[in-house]
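All values reported here derive from a predicted model rather than from experimental measurement. The chains referred to below are lettered A, B, ... by the order of the sequence lines, with proteins before strands, and numbering in each begins at 1. Only heavy atoms go into these numbers, but all of them, side chains included; no hydrogens, no water, no symmetry mates.
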Amino acid sequence: MPPSQAALVSLSPAELSYLRSTLLQVPPIRLDHTKGPKDFRSMRAEYDVLPGANGSARIALEDGLEALVGVKAEVEKSQWRPTPAGRASRLSVAAGDVEMKDGDEEDDGQGKGQVSWVEMSVEIPGFRDDDALPVFLASMLTESLLSSGELKDRLYINSRFHWKLYIDILLLSPALSYPLALLSMTTHLALLTSRLPALKSEKDEDPLFDDDWDASVPLYPKEKGKGTGSKPVDRPPVIVLAMAIGQNIIFDPCKEELAVADAVLAIACSSSKTSSTGSRIISIRTIDPPSHLTPPGVPNSMNSATGGVAPASSADALTQRELLATSGVWTPPRGGMKRGLIGQVVKMVVETGGVAEEVIDALQAIEVG
Amino acid sequence: MPISILPPAVQVPIHDDAAAEDSDIEMSDDENDFAPTSKKSSHNIVTPGETITTDPQWMRGHGTYIPPSSTTIISTVAGTLHKTNKLLSVQPLRARYNPEIGDLVIGRIVSVQTKKWSVDIAGPMLASLPLSAINLPGGILRRRTAVDELNIRTFFSEGDLLVAEVQSLHSDGSASLHTRSLKYGKLRNGMFTALSGAGGGILSRRGGIVRSRRQVFTLQTASGEISVILGVNGYIFVSKHTEGKEGKETSITKLEESVSETLYSSQNDELDPGILKEIARVSTLIKGLVACGTKVDEDMIVRVYETAVDMEAEQVSMGEKLIDTAGGPKGVVQSVLARLQGGS
């Protein structure tokens, strides 16, 4: 029986209240007490796991969440498009172009790549592929991937052919917690290690590729200089999940921690272009935490089974709840996130030596080592 | 260090538990009497439907099946193969809890019906807790009334955790629970942990909770007493110890008051930060113990907890790193277990 929704919270009001009180401590006591607020769940990662794919990666978290990503590239015939020179006459011509109508944004300065050249599918066990969660996850991942425009330009071969990139994301375990961060990191690793065959043909010839896999070029090109600091010029983005509870900010929350969150942010970031340290933000999205859907706890004073008096009407119950001063009763959080708190999260992510840099460097280190 | 990414684990050779632990078992030495389907290299792990042997001299045990009119023994579960003389049994890698009468279990209310609750006890089927099997407020062994039926949600509602005992088993294997004791009832002031794996059962030798004499015990910590409830079904609750719940005997006349006061409360007491930290530590250690494939019982938890506290204190005073926090709970427990084995 597949669950209809994304992992409904099934914690008792007493547990929710308890979890909240632990996470509100300064510093917060997390479910895994060895972890600090900025610590990620430890994970095991490997790449090049699928022999038939251009790039693949698998990451397993310590709590059993596991994702597998395969990147497959195919040569596809491009739709005829006007050359950059004939750009002036384009508006009149493009009216009949099917591809243009698909909500594709205007291309960037280079004007070669198209958004439809990257196709992403997210498969989560227990969910249909048109369920809200996989669709939402896929769109968030694609959005951050295509935002820079450099990836799609790299898929251009010549005016008649291009690479089509299929990114298949598979969550191997049930969606125990919100899997966005894990899927994003796995996709990052898979793309980082993807390679395309080297092109031998020239210009507008039919594409001919070098069949020597050793000669293949990485999808995300590395810097020319060989040595220890062979950092890639551009790296795919990565999404980190942060949650706020009271004044505390916690990264990479697990399922139980999400269940008591005040607000959850998904921050997509990639390595900074201008300097070698720090990172830049691509997008920030708020995610509705499941805590809003939890039922409130019944205080002893309103519970007839504990010697209290049950309120006569629902209006009466609401008034009594508002006046409630005791801390041990679970009340679902209301409202969103304060601006100051968002600023604080952003700072923690992008600063030099911040969370984003740590994550990107850690993923980079896997490929190197 | 906020993030730690490790290379994939190398395959751990599964040592044969039977050979290591039970010396009284005679192992079959010659591999020749086994069909070629069971290769030695595969660590004796079989999958459902895999033919174990076609030789008629073997007897089938747990987790195996012989199709009618054949001598082939087929595995029905995914697990490790065990040979006891001429008996073949497969110990499942993961199994659901099989309830037995008298087991102390922790459950979570899944649904509320007119006269009973359905409780998730990690078994193959939901258990039921009839309204007549709980202590009703306002008097011992009182008959349930129509009012109680209407107020059924004030006792337990969806999501609530409770500790109960298996009272009876139905013919389909589902269990019926009761909480007619002051030891049982709603759980609060603490943290819930679930273990997966072969909970209970005779075959579970690696990991999981063992049926034992004491499944509810208190742990002395620096900031107060913590009570740990180990449900046989693999559900664990670590909470602040409250006086009077057990320990001192409540007289039969006082029963009424103690029942009506806090038994069905879903409000937590005031908890000081010290005890919150210790509760988190204990439940993390239990998770680590399971990840290491160690048995979880009172003795083990107490020893690991005390050593972990000692090691942390040493780490603070000496300034050297003794506990490996990068590997999560498993890493911590591994370093603690290494110390325990080195010391004893």
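- Proximity to chain A (any heavy atom under 4.5 Å) is shown, for Arg281(B), by both the backbone and the side chain.
- Proximity to chain A is absent for every atom of Asp269(B), based on heavy atoms less than 4.5 angstrom apart.
- Arg188(B) places no side-chain N or O within 3.5 Å of a backbone atom of Glu15(A) that could act as its donor or acceptor partner.
- Atom CG of Leu161(B) and atom OG of Ser10(A) lie 9.0 Å apart (nearest 0.5 Å).
- The most heavy-atom pairs under 4.5 Å with chain B, out of Pro37(A), Gly36(A), Pro13(A), come from Pro13(A).
- Taking the side-chain contact (heavy atoms from CB on, under 4.5 Å) definition, one finds that Ile152(B) meets it with Val112(B), Trp117(B), Leu131(B), sequence neighbours left out.
- Using a 4.5 Å cut-off between heavy atoms, Leu276(B) touches chain A through backbone and side chain atoms alike.
- Here Gly190(B) is the residue among Ser239(B), Ser157(B), Gly190(B), Gly288(B) with the most heavy-atom pairs under 4.5 Å with chain A.
- Residues passing the salt bridge (charged side-chain N to carboxylate O under 4.0 Å, His left out) test with Glu158(B) are Arg153(B), sequence neighbours excluded.
- Remark: Lys240(B) NZ is packed, more than 12 non-hydrogen atoms of other residues, nucleotides or ligands lying under 6.0 Å away.
- Contacts between Leu363(A) and chain B at a heavy-atom distance below 4.5 Å involve backbone atoms as well as side-chain atoms.
- The closest side-chain heavy-atom distance from Lys287(B) to Asp32(A) is not below 4.5 Å.
- With hydrogens and angles ignored, the 3.5 Å screen pairs no side-chain donor or acceptor of Ser266(B) with any backbone N or O of Gly297(A).
- A distance-only check finds no donor-acceptor pair linking the side chain of Asn300(A) to the backbone of Ser265(B) [under 3.5 Å].
- Put simply, the residue from Leu187(B), Asp160(B), Leu162(B) that forms a side-chain contact (heavy atoms from CB on, under 4.5 Å) with Ser12(A) is Asp160(B).
- Annotation: side chain of Phe192(B) is not in contact with side chain of Leu11(A) (no heavy-atom distance under 4.5 Å).
- Contacts with chain A were tallied for Thr193(B), Asp120(B), Ile279(B); Ile279(B) has the most, counting heavy-atom pairs under 4.5 Å.
- At a threshold of 4.5 Å between non-hydrogen side-chain atoms, the residues Asn189(B) and Tyr18(A) do not count as touching.
- Ile29(A) and Pro273(B) make their closest contact through CD1-O, 4.0 Å (heavy atoms, listed as atom of the first residue, atom of the second, distance).
- A 6.0 Å sphere centred on CD of Gln247(A) holds no more than 12 heavy atoms belonging to other residues, nucleotides or ligands.
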